[in-house]
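What follows is a single structure, written as structure tokens, with notes after it.
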Amino acid sequence: MNAELIMRLRGLIRKEALQILRDPSSIAIAFVMPVILLLIFGYGVSLDARRVPLALVCENPNRDTASFTAGFFQSPYFVPVRFGTVQEAEEAMRARMVDGIVWLRSDFSRRMLNGGNAAIGLLVNGVDANNARIIEGYLQQVWAVWLAKFDAAQGLPLRIPVQVDARVWFNPSVTSTDFLVPGLIAVIMTLTGALLTAMVVAREWERGTMEAVLVTPASIHEIILSKLIPYFVLGMGGMGLSVAMAVWLFGVPLRGSLWLLLASSSVFLLCALGMGLLISVVSKNQFVAGQIAIIVTFLPAFILSGFVFDIRSMPAAIELITHIVAARYFVTILQTLFLAGNVWRLIVPNILALVIMAGIFLGLARRASHKSLE
Amino acid sequence: MPADTRKPIDAALELKSVTKSFHTKGRTVRALDAVSVAVKHGIVTGLIGPDGAGKTTLMRLATGLLTPDQGTISVLNIDAVSQPQRVQSVVGYMPQRFGLYEDLSVKENLDLYSDLHAVPEADRASHYSDLMRMTGLAPFMRRLAGKLSGGMKQKLGLACSLVGTPPLLLLDEPTVGVDPVSRRELWAIIHRLVEERSATVLLSTAYLDEAERCNEVILLHEGKLLGQDEPAAFTRQLAGRSFHVFAPHMSKRALQERISQAPGVLDATIQGSRVRVVTEQAVVPTAEQIVGGAAPDMQIAPVAARFEDSFVALLKGSVDVPPTARAAPAFTAAAPSCTPSGEDVIVVRNLSRRFGDFYAVRDVSFTVGRGEVFGLLGANGAGKSTTFRMLCGLLPASEGTLRVAGVDLRSAAARARARVGYMAQKFSLYGDLSVGENLRFFSSAYRLEGGHQRERVEWALAEFELGPFADATSRDLPLGFKQRLALAVALMHEPDILFLDEPTSGVDPLGRREFWRRINALAERGITILVTTHFMEEAEYCDRLVIMAQGRILAQGTSEEMRTRFRSNALPNPTMEDAFVALIAAAENHQVGSAA
Amino acid sequence: MLHQIFALVVKELLAILKDVKSRMVLIGPPIIQLVVFGYAATYDLNHVPFAVYNEDRSQPSRDLVARFAEAPAFQEVAVIHSDVDVAPLIDKRKALMVLHIDRRFSRDLLGGVPGHVQLIMDGRNSNTALLVMGYANAIVTDFNTWWAARSGGDKPPATLDIRSRFNQNLQSQWFIVPGIVALLTQVVTLLVTALSVAREREAGTFDQLLVTPMRPIDILLGKSIPGLLIGSVEATFIIAAGVLWFGVPLRGGFVPLYLGLFLFLGSVIGIGLMISSLSVTQQQALLGTFLFMVPSIILSGFATPIANMPPLIQDITYLNPMRYFLVVVRGVFLEGASTRSLTPQYWPMLIIGLATLAIAGWLFRRRLY
């Protein structure tokens with residue numbers, strides 16, 4: 001009996017493997033899409049503003065203004081461009097040639113020497129609010145450096161009573177690649193685990209091959225297992241590829257244990273596979289399955305997982321919703337394992353949440369599949 | 001039906017008053033209505049009926065894939081309702097079409113089903129060679145299933161359902177869409193199985209002529225059992241009621257039209273130059289009776305009854321024949337009958353179509369005259385659809401010339417296309433749109449406007465009795481009405497030429513008769529009709545036809561000419577199918593001869 | 001001619017709106033995405049959890065801590081007293097930042113030496129870390145000014161007077177919601193057009209259409225106009241929701257906005273019809289749409305600035321129509337941009353639209369069989 005079971009499983013799995021290798025759209029979803037996403041996110045997407053074009057307006061250029069503006073020319077964050085009047089600079093900002101304006105009025109030097117408090121006008125284009133905030137932060141740094149230099153040159157005591165000494169743990173250079181690429185692994189595994197599985201299983205229903213397999217000695221458990229195993233291997237392959245690219249191509253550190261990463265990925269993958277199977281059994285049509293999978297698995301993994309947008313910034317109602325998004329737990333685990341290390345007390349509860357969700361989805365998928373067409 | 005044919009103890013498969021309904025969008029369709037049948041061991045039982053008869057539902061119930069609303073089902077003495085998995089483990093099942101993994105090779109498909117049925121590795125080699133010998137697939141073991149021809153796919157499907165050596169085989173329409181030669185081969189395999197392995201086979205089919213190849217027949221129509229018996233028992237009831245009528249001074253279409261309206265006539269169909277008549281009584285009818293007047297030279301000769309005759313008789317005799325099938329109107333505007341004139345409306349010369357280095361159509365030439373009904377016959381993949389698409393301007397020709405009403409439709413101005421009507425193979429109107437919306441859209445597409453457009457939409461609704469369905473979603477129409485709507489769309493703009501691609505596939509025999517009556521009336525009015533079909537019997541309706549195989553024309557002429565070519569002592573009265581099979585055999589011999 | 005195209009447009013709209021599935025695609029995802037994106041896609045921080053590790057316990061240090069605790073962006077979640085407590089808080093994400101005040105803080109401060117404040121931040125989300133750093137710096141700067149004024153020392157020679165134009169409070173929503181106009185209009189229009197020909201091919205109705213006297217150009221127009229109509233209705237709905245529900249100001253006129261919208265729709269329809277004429281089945285069309293859509297959204301500037309991308313990728317974004325339309329929508333919404341100032345965005349979309357429609361028309365003729 002056992003030998004027969006193994007033989008049946010082997011047959012079904014071999015068939016599945018051959019189909020994946022021969023179907024261009026499977027290959028597109030399983031291999032091409034992940035590589036494109038990794039390359040785009042690894043190289044293309046960055047939240048770090050560098051080389052911000054900045055308009056400098058010095059209405060009365062002299063030594064004092066030059067000492068201040070020199071900071072912008074030395075900063076790696078800015079590409080300063082000089083403008084004669086503030087109107088011209090505003091024109092340039094409207095034309096999106098510069099992102100901000102530094103405006104030193106004609107009385108800058110005079111007020112500076114007469115008791116200080118010369119105003120340095122700073123105008124930032126606030127359309128991209130995030131970018132604007134980051135630019136403001138950079139500007140403050142430039143100002144602080146200038147002030148310290150000014151005081152030192154004058155032989156005055158420092159006029160900044162409190163100095164901030166910021167230490168960013170896990171990602172000292174604050175590069176967004178280090179935080180985006182690990183999170184992307186969750187998106188990629190959702191792609192193969194849920195989207196591909198949903199479409200492939202729905203295809204069997206659509207083409208009638210499922211009907212032929214149902215009328216064989218294979219039990220429903222064997223049929224489900226034969227779908228889980230190959231796509232599990234494929235999903236883990238996608239994960240391996242992503243981890244390899246993350247570490248070797250993009251130089252993201254992997255501080256936690258690889259085994260823990262494997263274990264948590266397996267649990268998340270089971271969760272995604274469960275969703276994929278459930279969608280396919282319910283829709284039994286590739287087209288509908290594809291659309292549902294994109295809407296309920298892919299988009300949430302992108303937006304509601306904390307992969308790009310910090311969950312802590314979301315309103316309470318939306319934050320509540322994120323608790324039913326499996327990718328949320330996995331993204332936390334990934335970002336922690338890559339950048340922080342084996343933080344057991346954070347990882348264990350998240351893995352437990354994934355185990356529960358995997359159980360629910362696989363259980364529902366099992367209940368929804370019968371060996372009948374009704 | 002004789003009661004003694006049902007012996008529950010002997011039955012391999014038994015259904016007792018089984019009812020099964022499906023619910024979709026608030027409608028309930030009763031697919032099977034209190035059906036009781038028993039399938040005997042060791043013979044081939046045919047499950048016969050047109051599309052929508054309930055054949056597939058019965059098959060799926062028998063495999064435990066569906067559960068009945070009422071009734072019991074026992075398969076090899078296992079209760080299929082409570083123990084579907086046990087049934088599924090012992091029967092061999094071949095679902096309708098598909099069922100094969102097209103991106104797997106022949107051997108990989110066989111391996112899969114061998115693994116599923118746990119056939120020991122050691123036995124496989126001999127087992128496979130046995131199956132391959134039977135099906136003739138040995139040279140194609142490494143080919144992908146999707147690249148096989150239709151007939152070979154069905155043979156592979158059959159082989160896959162046989163790997164577990166099941167005692168009971170359930171085959172759902174294995175011969176659909178398969179050319180006559182492959183069909184004969186499939187039947188040979190099935191009969192050999194029954195003889196060599198004493199297997200039991202239940203096979204469903206929509207081809208009525210296949211009934212005669214079964215040991216026993218279950219006849220279904222719209223979910224109801226019409227009868228179960230030996231095929232000969234069905235035709236026996238019709239003994240002495242079938243005749244051939246020939247009137248040299250009358251067009252066969254006009255003759256058929258006259259006869260079909262005569263009292264006491266159940267059925268009148270065209271067969272070559274004659275009309276086949278089935279009467280209500282077993283008495284030779286007189287000319288007076290069937291054409292309502294004296295007809296000199298009219299010859300009336302008795303012929304042997306066919307299974308289709310008994311099916312039509314059963315349907316017309318049963319109470320709930322759909323009214324549409326009974327009152328098939330010929331066109332109300334009865335135009336003067338006209339005979340094909342000499343003018344050639346369609347001219348095809350040395351036409352070829354290549355896909356890569358494969359010739360789908362090679363060196364085809366024929367002409368069609370005005371008012372002629374012209375048939376393109378052949379199996380799937382014979383090149384008739386490719387030829388048809390080139391004629392309609394949907395596909396450019398690689399070589400050769402083609403002219404429809406004097407122009408090539410592909411490069412022709414839009415005006416030329418307005419002279420042509422087109423009815424596609426499967427129902428291909430907008431399923432989400434209502435009947436009225438479809439008619440309005442296509443009439444606009446054919447440049448009808450304003451009052452004239454309204455007039456033609458009204459005409460279509462009235463002529464095809466679609467008025468009550470004007471607001472119904474066309475996807476939900478019964479098949480027969482869909483087909484009428486498709487024909488109405490093709491005729492909205494009063495074309496001179498009508499292209500019909502497999503117009504009657506899946507339609508029951510009564511629907512097919514109604515359809516051809518309309519076509520005949522159009523032809524009588526001088527409209528040129530080009531039709532493709534793989535139903536060999538439909539060749540009889542055509543004035544002239546070509547038979548195609550492997551992209552070439554095998555024969556050209558009238559159906560009578562073709563049948564007489566293959567008349568022999570062994571086959572004194574060959575059917576179109578006999579002629580077709582003989583033609584293919586001759587072509588293959590020729591190939592072998594020229595290769596040697 | 002016009003009568004035929006009109007009939008085709010009516011048929012196309014009926015087919016889309018009568019089918020439950022395609023109706024769902026038009027109505028469901030846009031609303032869900034509007035809500036989710038509108039609220040979830042934000043970079044604004046509030047209630048950032050932070051822990052206080054104050055070794056100083058003097059009045060000045062308490063003043064500084066109070067400034068953090070009172071700021072709406074921060075929320076104090078823990079007070080710790082030892083170095084060893086720092087790591088667990090950050091590791092377990094209990095706190096995003098630990099504010100560490102040195103034990104010599106007030107002594108230094110009163111002695112005229114800069115006092116040191118250490119911020120320990122969780123860098124797992126680098127963007128959040130940067131923003132938190134910015135907020136913290138602003139609070140410390142305020143404290144400095146206040147302290148300097150109070151202690152009567154010299155004022156700094158110059159101070160910063162930061163203002164942001166167009167979005168005074170730097171709300172992410174004002175940036176994201178106009179972006180959703182572009183995003184959802186693209187998704188819906190692409191799906192409607194990319195699937196339309198493939199659906200007809202699958203159903204066999206395309207042949208039926210081709211044998212009528214309609215010319216390919218008629219069919220192309222008949223397939224484009226429904227996309228244009230549905231896309232503009234969808235965009236108008238989101239624009240209205242953005243203004244009325246999310247309260248994003250619409251400072252510019254409708255002319256520059258809708259001119260941009262129509263050009264954008266034209267180019268998206270062209271791309272959709274290209275995908276459609278290349279695919280035989282609806283599944284292929286869906287996959288093609290997906291393969292185009294994901295990179296086009298990521299490389300549009302919707303969530304991350306194009307200026308931050310490497311030069312090669314920046315060059316690629318010039319082919320992406322959404323890139324230009326995002327500038328138009330945000331420009332009109334927040335900057336009140338005029339048609340003239342947006343001309344550099346209009347003409348690339350016009351060129352992309354004309355090119356893709358021409359290619360789609362050509363593929364259409366080529367792949368009629």
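So you know, we letter chains A, B, ... as the sequences are listed, proteins then strands, and number each from 1.
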Query raised in the report: Knowing that exactly one of B:Arg447, B:His493, B:Arg419 qualifies, which makes a side-chain contact (heavy atoms from CB on, under 4.5 Å) with C:Pro213?
Result: B:Arg447

Requested in this report: Specify which of C:Leu8, C:Leu17, C:Val10 makes the most heavy-atom pairs with chain B at under 4.5 Å.
Outcome: C:Leu8

Query raised in the report: Looking only at heavy atoms, what is the nearest atom pair of B:Leu433 and C:Lys11, with distance?
Result: CD2-CG, 3.5 Å

Query raised in the report: Any residues in residues 439-446 of chain B near chain C, with a heavy-atom distance under 4.5 Å, and which are they?
Result: B:Phe441, B:Phe442, B:Ser444, B:Ala445, B:Tyr446

Query raised in the report: If you look at every heavy atom in B:Arg417 and C:Leu210, which pair is closest and at what distance?
Result: NH1-O, 3.0 Å

Query raised in the report: Roughly how far, to the nearest 0.5 Å, is CG of B:Asp501 from CG of C:Asp207?
Result: 9.0 Å

**Report entry** More than 12 heavy atoms of other groups within 6.0 Å of C:Leu2 CG
**Finding:** no

Query raised in the report: Taking all atoms of both residues into account, what is the closest heavy-atom pair of C:His3 and B:Leu448, and its distance?
Result: NE2-O, 3.4 Å

Report task. Any chance you could measure C:Arg199, atom CZ, to B:Asp432, atom CG, to the nearest 0.5 Å? Result -> 7.0 Å

Query raised in the report: Given a strict heavy-atom distance threshold of 4.5 Å, which part of B:Glu449 is in contact with chain C: side chain, backbone, both, or neither?
Result: both

**Report entry** Nearest heavy-atom neighbours spanning C:Gln208 and B:Tyr422
**Finding:** NE2-O, 2.9 Å

Query raised in the report: Does CZ belonging to B:Phe22 count more than 12 external heavy atoms closer than 6.0 Å?
Result: yes

